Q: 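Provided herewith is a single structure, encoded as structure tokens, for subsequent inquiry.
One is the number of the first residue; the rest follow in order along the sequence. All values below come from the heavy atoms of this structure, side chains included, with hydrogens, waters and symmetry mates left out. Just so you know, ligand 1 is whichever comes first in the structure, and atom 1 is the first atom listed for that ligand. Everything numeric here is computed off the predicted structure, so don't read it as measured data.
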Amino acid sequence: MTGPADRVLVLGGGMAGVACARRLAEEDVAVTLVDRNDYHQFQPLLYQVASSQLPAEDIARPHRAIFQDDATVDVVTAEVAEVWLADRGLVLADGRTLTGSHVVVAAGARPNFFGIPGAAEHAFPLYSVADAERLRLHLQALLRDAAPGTLDVVVVGGGPTGVETTGALAELTDALRASVRLDQPGRITIVDRGDALLGEFSTHAQEYVVRKLREAGAEVRLRTGVAAVHPDRVELDDGGSIAARTVVWGGGELGSSVAASAGPEPGRGARLDVRPDLTLDGYPGAYAVGDAANIPSGASGTWPQLGSVAQQSGKWAAENILRERRGEPARPFRYKDKGIMAMIGRNAAVAEVGKRHHQVEGPVAFAAWLGVHMMLMSGVHSKTDAFVTWAWDYFDRDRTATIEATSTPQRIAWGDDQADRPHITVD
Ligand SMILES: Cc1cc2nc3c(=O)[nH]c(=O)nc-3n(C[C@H](O)[C@H](O)[C@H](O)COP(=O)(O)OP(=O)(O)OC[C@H]3O[C@@H](n4cnc5c(N)ncnc54)[C@H](O)[C@@H]3O)c2cc1C
């Protein structure tokens, strides 16, 4: 094995891994951050890429650019094949091994297809920039075949991902109806097994979301499960089916496979069960954070898989590593709850803000959404005011969405150093 013994290894350069590495870099701790991509991907805006509202480069910031001023952070672009928690080591797919004084597993999540036949093969998950690009290119290709029904879409899952994607696709369809050649550009249907969309929200917010999606032209089908996915239709568990050549999967997630096979028996959702201080029982010097971990929240179970939980837990793990180095005990994670929110489209957003989840809708909810997203981006972009301008423009105005090959979505004028470009590959 190679690698300095006092180096902290961070597996994953998402929200949790970046927050962890940044905090350690502030104290000049040597960090090796390993990610399969040479860029950080901002998942909350993936649906904007899929629906052609934003170019992919805008939500894929190169790790080297993020850490350009952090001399102690070494970025390695490689697939991690195995995690050796007992040795605090990572085995890379090319055979290299790295070891350190600590290892932080921040490998995120993957879609959960629940074993539904055809879902993994034919549905489009929305977990990575490559996923979003794949969906965008698929829709663009279908647009060339302008027969009625070609652009019908089924979105599976009524959580925030499903709701936001449905809203964005309904807008896209509407824009196509208004601006181009199609009378019936497509039908967008969101399907969920439960009694409501956005199960975590209040009944009032759930009703608001259904109303707004229907106003935007989407169909909402509740108490309806998906039994199988085919290239041209979705089979439902009530015996019916919906014809669609595009099925977007927002149906749930599992902890990343490399984390799940790291050693400890995975817990709920194939995530690693961590102790309150984010360490892994029986593996000194090993931490798990963000979507890869089940982080205890006290009596009520675990914190949800949210960007703010990922960012705060990544930073907290760094603080605990710094405490360990000073010979102090690690402290239990304390989450500052910012609330939950979803943007349904222009002029429609819902949020339950703060610890008490005070409910707001419309522009006020959008402002809350914007505040939280700026905070999530702050570790990655040096300036976020350009994002605010872009987002208000999107929310407020009737700017036409398009998936036509010839047009380019409006860019966010980040003002960051763009010399280092992400290498986005879509297979
Ligand atoms: C479509 C979508 C919309 C969302 N919207 C919101 C929202 O509006 N607000 C909110 O708070 N949260 C939102 N979330 C949740 C939020 O994005 C996640 O909770 C957060 O990104 C988790 O951060 P993480 O660092 O744990 O994982 P990730 O951000 O997923 O990062 C994991 C990293 O690990 C890398 N990796 C994984 N396995 C390996 C391996 N074997 N080898 C090398 N590298 C590896 C990946 O490439 C990735 O960069 C959304 C999620 C999705 C999917």
Q: Check the orientation of Trp316 and Phe333. Use parallel for under 30°, tilted for 30 to 60°, and perpendicular for over 60°.
A: perpendicular

Q: Under 4.0 angstrom from ligand 1, any heavy atom of His373?
A: yes

Q: Take atom CZ of Arg323 as the centre, draw a 6.0 Å sphere, and report whether it contains more than 12 heavy atoms from other residues, nucleotides or ligands.
A: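 Result for CZ/Arg323: enclosed.
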
Q: How does Met341 reach ligand 1, if at all, at less than 4.0 Å between non-hydrogen atoms: by side chain, backbone, both, or neither?
A: neither

Q: At less than 4.0 angstrom from any non-hydrogen atom of Val258, what atoms of ligand 1 do you find?
A: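 Matching atoms, with element in brackets: 41 (N).
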
Q: Spell out, as yes or no, whether a donor-acceptor pair under 3.5 Å connects the side chain of Arg22 to the backbone of Gly379.
A: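 Looks like yes, one N/O pair under 3.5 Å.
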
Q: Among all protein non-hydrogen atoms, which one is nearest to atom 23 (O) of ligand 1, and what is the separation to 0.1 Å?
A: Ala310 CB, 3.4 Å

Q: Does ligand 1 have a heavy atom under 4.0 Å from the side chain of Asp35, from its backbone, from both, or from neither?
A: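 It is both backbone and side chain that touch ligand 1.
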
Q: Once you restrict to heavy atoms under 4.0 Å, what part of Asn37 touches ligand 1? Side chain, backbone, both or neither.
A: side chain

Q: Is the shortest N/O to N/O distance between Met15 and ligand 1 below 3.5 Å?
A: yes

Q: Among all protein heavy atoms, pick the one closest to atom 11 (O) of ligand 1 and tell me residue, atom and distance.
A: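 Going atom by atom, the protein heavy atom closest to atom 11 (O) of ligand 1 ends up being Gly307 N, 2.9 Å.
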
Q: Among all protein heavy atoms in this structure, tell me which lies nearest to atom 15 (C) of ligand 1, with the distance rounded to 0.1 Å.
A: Gln305 O, 3.7 Å

Q: Look at atom 27 (O) of ligand 1 and say which protein heavy atom is nearest, naming residue and atom and giving the distance to 0.1 Å.
A: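 Nearest neighbour among protein heavy atoms for atom 27 (O) of ligand 1, to 0.1 Å: Gly108 CA, 3.3 Å.
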
Q: For ligand 1, is there an N or O atom under 3.5 Å from any N or O atom of Trp369?
A: no

Q: For atom 39 (C) of ligand 1, find the nearest protein heavy atom and state the residue, atom name and distance (0.1 Å precision).
A: Arg36 NH2, 3.4 Å

Q: List ligand 1 atoms under 4.0 Å from Leu126, heavy atoms only on the residue side.
A: 1 (C), 53 (C)

Q: List the steps and the verdict of ring pair (Phe, Tyr, Trp, His ring centres under 6.0 Å) for His138 and Phe124.
A: CA-CA 10 Å; His138 168 82; Phe124 288 83; 4.5 Å; yes

Q: Regarding Thr302 and Arg271, is there a side-chain donor-to-acceptor distance under 3.5 Å anywhere?
A: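 Result is no, nothing qualifies.
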
Q: Pick one of side chain, backbone, both or neither for how Ala106 approaches ligand 1, counting any non-hydrogen atom pair under 4.0 Å.
A: backbone

Q: Salt bridge (charged side-chain N to carboxylate O under 4.0 Å, His left out) for Glu219 and Arg187? Distances and angles first, verdict last.
A: CA-CA 8 Å; Glu219 284 183 35; Arg187 216 165 35 129; 3.5 Å; yes

Q: Would you call the rings of His102 and Tyr287 parallel, tilted or perpendicular, where under 30° means parallel and over 60° means perpendicular?
A: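 The arrangement is tilted - the two ring planes meet at 30° to 60°.
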
Q: Quick check on contacts: which atoms of ligand 1 are under 4.0 angstrom from a heavy atom of Gly290?
A: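 Near Gly290, the atoms of ligand 1 are 26 (O).
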
Q: Considering heavy atoms of the protein only, find what lies nearest to atom 31 (O) of ligand 1 and give residue, atom and distance to 0.1 Å.
A: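 It is Gly14 CA, 3.2 Å.
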
Q: Does Glu57 use its side chain to pair, donor to acceptor, with the backbone of Pro422 at less than 3.5 Å?
A: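 No, Glu57 side chain to Pro422 backbone: no donor-acceptor pair under 3.5 Å.
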
Q: Would Asp195 and Arg223 pass as an ion pair if we require N to O under 4.0 Å?
A: yes

Q: Looking at Arg23 and Glu27, does any basic side-chain N land under 4.0 Å from a carboxylate oxygen?
A: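 Between Glu27 and Arg23 there is a salt bridge, with a charged N closer than 4.0 Å to a carboxylate O.
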
Q: Nearest protein heavy atom to atom 19 (O) of ligand 1, by residue and atom, and its distance?
A: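 Among all protein heavy atoms, the one nearest atom 19 (O) of ligand 1 is Asp291 OD1, 2.8 Å.
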
Q: Counting only heavy atoms, which portion of Ala81 has something under 4.0 Å from ligand 1: side chain, backbone, both, or neither?
A: neither

Q: Before you tell me yes or no, could you show the steps for Asp35 and His40 under side-chain hydrogen bond (donor to acceptor under 3.5 Å, both in side chains), namely the whole-Å CA-CA distance, both residues' side-chain angles and the distance that decides it to 0.1 Å?
A: CA-CA 9 Å; Asp35 199 298; His40 165 93; over 6 Å; no

Q: Could you find the nearest protein heavy atom to atom 34 (O) of ligand 1 and give me its residue, atom name and distance?
A: Gly12 CA, 3.3 Å

Q: Where does Gln43 meet ligand 1, judged by heavy-atom distances below 4.0 Å: at the side chain, the backbone, both, or neither?
A: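 Near ligand 1, Gln43 shows its backbone as well as its side chain.
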
Q: Counting only N and O atoms by type, is there a donor-acceptor contact under 3.5 Å from the side chain of His63 to the main-chain atoms of Gly13?
A: yes

Q: Return yes if some donor-acceptor pair links the side-chain N/O of Asn294 with the main-chain N/O of Arg268 below 3.5 Å, else return no.
A: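 Yes: the side chain of Asn294 pairs with the backbone of Arg268.
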
Q: Closest by any non-hydrogen atom to atom 7 (C) of ligand 1: pick that one out of Ala132, Ala19, Pro44.
A: Pro44

Q: Could you tell me if any non-hydrogen atom of Ala78 lies under 4.0 Å from any atom of ligand 1?
A: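 Right, Ala78 reaches ligand 1.
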
Q: Please work out, at 4.0 Å between heavy atoms, whether the side chain, the backbone, both, or neither of Val80 comes within that distance of ligand 1.
A: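 Contact part for Val80 vs ligand 1: both backbone and side chain.
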
Q: Quick one: do the Ser313 and Tyr335 side chains pair a donor with an acceptor below 3.5 Å?
A: no

